[in-house]
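First comes the structure, then the notes that go with it.
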Amino acid sequence: MILGWLKLTLLLAMSGVLLGMLVSAIVSVFWKAHIKIDDPALKAKLALLLSSMPLLSGGLLLAGAFGPSVLHLFGVVADHCGSHGDHHPFHLCFLHGNSIELGYWVWIGSALLSARVLLHWSKVWRKTAKTRGLSQTLLRLSNHDEQDNVWYIESARAFAFTIGFLSPRVCISTQLVKELDAEQLQVVIAHEHQHARSRDGLRLLLIELFAPLLLPQTHQFLAAEFELSREQLCDEAAAETKDRLLVAETILAFGRLQKKEPQPSFALAFGQCEIEERVHSLLEHPPRAGARYVFISALLGASLLFLSTHTHIHHAMEALLGNLH
Amino acid sequence: MKADVSNLGDLEMAVLEYVWQNGPSDIKEAHKQIGVERGITHNTVQSTFKRLWKKGLLTRSKQSHAHIYTARVDRCQLTELMVGQLVEQVAGHEPEVAIEAFVNFADNAGDETFAALEELVAARRRSQNPKQGKS
C-alpha cells in the first residue's frame, strides 16, 4: 500500500518535472528568438523562474494530487470523498483512496533522474569547495580595508571579484588599484558590493542546482542570461553613485587590462562577450523597472497553486490516472 | 616541482607564516611557537611541515638528526600561485558559482570590439561635454 503511494508520488513528481522541462525549453527558445527584455531585473527573475520551472511544476502536480486530502487533514477544506461517487475508477486520496499499480519503470525512471541530479550536484559541490578553499586562503593573505570593506590582495594580476554565498566578500588586487584611477576604482567597488548585497553567488548556485532538471541548451541559455542581467544590475547600481559613462569606461579599461593578463587555459562555457552588451546597455537610458511584471507573475503563480488544488483539476488527474490503472 | 596550493588548511598557513617570519626552521622550535598555544602535539606540527614539503611549498635539509625547513615560495609568490589557480578554476569547463568577477576572466571580446566600444563611449562623452571634444 505505502509502496503504491510512493510510486504514484514519484510518477507525479517525474511527470511534473518533465512537463516543466518542456515548458522551460519552449519559452526559452521563444525568448531567444523573439523577445528582447530591456529590464535586467525582470530578465534575471524570468531566468530564475524558468530554471526552477521543473521543480515548480512537479510541486504543483503533487499539490493537485494530494492537496485536497492534506488540506482536509488540517481542517482547511471539507472532505470530498463521501460525495466522490464512481465516475472514475481511481480515487486520489491517501486517507480513503486506493493506490495505483504501476510497473517497475517508475522506479527505473526515478532512479535515473535522481542519479543525474546527484551526479551534477556532487560536481558542483566539489568545484565550489575547491574554489572556496582557495579563496579562504587568499583572504588570509590579503589586507582588509574596513572603510571600503574590501580585501586587497597583493598580486601583479589585475582582478576584482566577490566570493562567498552567505557573507560575500569583495576582493581587489593591488595591481588593479595601481592601474585604475580613484573614480574607476570606486565604480568597481560599488559594482562588487552590489553583487555581495544581492547575494548573486547564492542565486547562481540555485540556477546551477536546477540544471540537471533542464535540457542542457535551456540551462546554458538561462544561466548566461541570468549572469549577464546580474552584471547589468550591478553596473546600474554603480551608475547610481557615479555617471553611466564612467561605468562604461571602467568596464572597458578593466577589460583591456584583463586582456594583457595570461589567459586561462580553458574557454568559459558561457558568459562570453558580456562586455559588449554591458557597455551598450549603459549607453542606453536606464531600464524601466519591471515591478508590474513581477506582480503579474506572482499573481499568476498564486492562481496556479490555487487551481492545482481545485477539485476539478484533482478529478481530472484522477480520471487520467484511472486510465493508466 | 609544481607547488600544490589547492587546499591549504589553517595550521599549514600558520606554519608557512612562521617560516616566512623566522627563516630556516626546525620543528622543535616551531612547535613551541605555534603548537603549544594551539594545544597540538609535536607530531602534528611535524606532519604539517612534512605535508607542506610534499606540496612543494617548503624545502628541507638534514642537520645532524633534525630536518631544517625553508620556504620555497614567499608570501607574494604563494598569492600569485593561488590567484593563477583560481583564475583557471573559474574559467574551467564547468560554470563557477562561488565567484563573481567584475569582468569575466575569459571574456573573448577582441581588439576591434574594444576600439569600437571605446569610440562609442568617447563620442557620447564629447556630446555631453562639447568643450572637452574641441580641446
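Letters A, B, ... mirror the listed sequences (proteins, then strands); counts begin at 1. In this text the structure is predicted, and so the values were computed from the model without any measurement.
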Rounded distance (nearest 0.5 Å) linking atom CE of B:M82 with atom CG of A:L139: 10.0 Å
Where do B:L86 and A:F161 land on the side-chain contact (heavy atoms from CB on, under 4.5 Å) test, with the steps shown first? CA-CA 11 Å; B:L86 196 66; A:F161 56 76; 3.5 Å; yes
Checking heavy atoms, do the side chain of A:V188, its backbone, both or neither come under 4.5 Å from chain B? both
B:Q85/A:T131 under side-chain contact (heavy atoms from CB on, under 4.5 Å): CA gap, chis, key distance, verdict: CA-CA 9 Å; B:Q85 195 159 335; A:T131 308; over 6 Å; no
What distance separates A:L252 CG from B:L117 CG, expressed to the nearest 0.5 Å? 5.5 Å
Starting from the C-alpha separation in whole Å, work towards a yes-or-no answer on side-chain contact (heavy atoms from CB on, under 4.5 Å) for A:L141 and B:L78. CA-CA 9 Å; A:L141 294 166; B:L78 179 69; 3.8 Å; yes
Considering only heavy atoms, which portion of A:E154 lies under 4.5 Å from any heavy atom of chain B: side chain, backbone, both, or neither? both
Heavy-atom side-chain proximity of B:R124 to A:R244 below 4.5 angstrom: no
If you tally heavy-atom pairs under 4.5 Å against chain A, which of B:V5, B:V83, B:N7 wins? B:V83
Please classify the contact of A:S173 with chain B as side chain, backbone, both or neither, using a heavy-atom distance under 4.5 Å. neither
Determine, step by step, whether A:R256 and B:E118 satisfy the side-chain contact (heavy atoms from CB on, under 4.5 Å) criterion, reporting the C-alpha distance in whole Å, the side-chain angles of both residues, the deciding distance to 0.1 Å, and the verdict. CA-CA 11 Å; A:R256 284 279 193 198; B:E118 280 159 355; 2.9 Å; yes
Got a donor-acceptor contact below 3.5 angstrom from the B:E80 side chain to the A:A156 backbone? yes
Atom CD in A:Q136, atom CG in B:D10: separation rounded to 0.5 Å? 9.0 Å
Count the heavy atoms of every other residue, nucleotide or ligand shown that sit under 6.0 Å from CH2 of B:W20, and state whether that count exceeds 12. yes
Which bit of A:L246 is near chain B, if near means a heavy-atom gap under 4.5 Å: side chain, backbone, both or neither? both
Given the options A:E192, A:H280, A:R140, which has more heavy-atom pairs under 4.5 Å with chain B than any of the others? A:R140
